[in-house]
Amino acid sequence: QMQLTEFGGGSVQAGESLRLSCVVSGITVKNYCMGWFRQSPGKEREGVAAIDIDESRTYADSVKGRFTISKDNAKNTLFLQMNSLKPEDTAMYYCAADPSFAFCVVSGLGINDHIDWGQGTQVTVSS
């Protein structure tokens, strides 16, 4: 049974940084397309970043140059380093594993029915 557990959310000021972690069990992250999504109240869940098994990375335009996705295969953990945070980054952030690899391969970082989700961690950025 796959389980994704996020850590690291919190409340920060604009310009500050946070590092999210996602501890994964039940699968091996090095063999999966992994990623992060976020959802703000009243908005649809959107893809933020993806990392494929070959370590190739894709980012949403809104976070390029500020966020970095990475993984530690030995610890089976996914990370999202978020720098220069803005109030518009405020959202619930979800770790995701996609056994179909569509999230990593198809452009647009879109949601599909194969994705498994963590429970989310809240990030709040104040101005």
Heavy-atom side-chain contact between [X] and [Y] under 4.5 Å:
{"X": "Val24", "Y": "Lys71", "result": "no"}
{"X": "Val23", "Y": "Asn76", "result": "no"}
{"X": "Val106", "Y": "Phe101", "result": "no"}

Could you report the tightest heavy-atom contact between [X] and [Y], atom names first, then the distance?
{"X": "Cys95", "Y": "Glu6", "answer": "N-OE2, 2.8 Å"}
{"X": "Ala97", "Y": "Ile27", "answer": "CB-CD1, 3.9 Å"}
{"X": "Gln13", "Y": "Ser126", "answer": "NE2-OG, 3.2 Å"}
{"X": "Tyr32", "Y": "Met2", "answer": "CE2-CE, 4.2 Å"}
{"X": "Met92", "Y": "Gly120", "answer": "SD-C, 3.7 Å"}
{"X": "Cys104", "Y": "Thr58", "answer": "O-OG1, 4.4 Å"}

What distance separates [X] [atom1] from [Y] [atom2], expressed to the nearest 0.5 Å?
{"X": "Met82", "Y": "Leu18", "atom1": "CE", "atom2": "CG", "result": "4.5 Å"}
{"X": "Arg19", "Y": "Asn83", "atom1": "CZ", "atom2": "CG", "result": "11.0 Å"}
{"X": "Phe79", "Y": "Ile69", "atom1": "CZ", "atom2": "CD1", "result": "11.0 Å"}
{"X": "Leu109", "Y": "Tyr59", "atom1": "CG", "atom2": "OH", "result": "10.5 Å"}
{"X": "Cys22", "Y": "Leu78", "atom1": "SG", "atom2": "CG", "result": "5.5 Å"}
{"X": "Ile51", "Y": "Lys30", "atom1": "CD1", "atom2": "NZ", "result": "14.0 Å"}

If Ile, Leu, Val, Met, Phe, Trp and Tyr residues are connected whenever their side-chain heavy atoms lie under 4.5 Å apart, and connections chain through other members, are [X] and [Y] in the same group?
{"X": "Leu80", "Y": "Leu85", "result": "yes"}
{"X": "Val123", "Y": "Trp36", "result": "yes"}
{"X": "Ile115", "Y": "Val48", "result": "no"}

Item checked: Worked check of side-chain contact (heavy atoms from CB on, under 4.5 Å) between Phe37 and Phe103 -> CA-CA 11 Å; Phe37 287 76; Phe103 180 59; 3.2 Å; yes
Derivation and outcome, side-chain contact (heavy atoms from CB on, under 4.5 Å), residues Thr121 and Phe7: CA-CA 6 Å; Thr121 186; Phe7 300 94; over 6 Å; no
Who are the side chain to side chain contact (heavy atoms under 4.5 Å, CB included) partners of Asp113, not counting sequence neighbours?
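Asp113 satisfies side chain to side chain contact (heavy atoms under 4.5 Å, CB included) with no residue once adjacent residues are dropped.
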| query | Between Thr77 and Val29, is a side-chain contact (heavy atoms from CB on, under 4.5 Å) present by the stated rule, with each step listed? | reply | CA-CA 7 Å; Thr77 301; Val29 297; over 6 Å; no
(request) Could you tell me whether Asp89 and Lys86 make a salt bridge, using a distance below 4.0 angstrom between a side-chain N and a carboxylate O? (result)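 Answer for the salt bridge query: no.
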- prompt: Is the side chain of Thr90 donor-acceptor paired with the backbone N or O of Val125 at a distance under 3.5 Å, no angle test?
  reply: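 Side chain of Thr90 to backbone of Val125: a pair is present.
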Suppose the criterion is salt bridge (charged side-chain N to carboxylate O under 4.0 Å, His left out): which pairs have a residue in residues 40-52, not counting sequence neighbours?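 Found Arg38-Glu46.
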According to the interplanar angle, ranging from 0 to 90°, do the rings of Phe67 and Tyr93 count as parallel (below 30°), tilted (30 to 60°) or perpendicular (above 60°)?
->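 Ring orientation, 0 to 90° scale: tilted.
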* To do: Given side-chain contact (heavy atoms from CB on, under 4.5 Å), test Ser70 with Arg57 step by step and report yes or no.
  => CA-CA 9 Å; Ser70 62; Arg57 295 162 170 84; 4.1 Å; yes
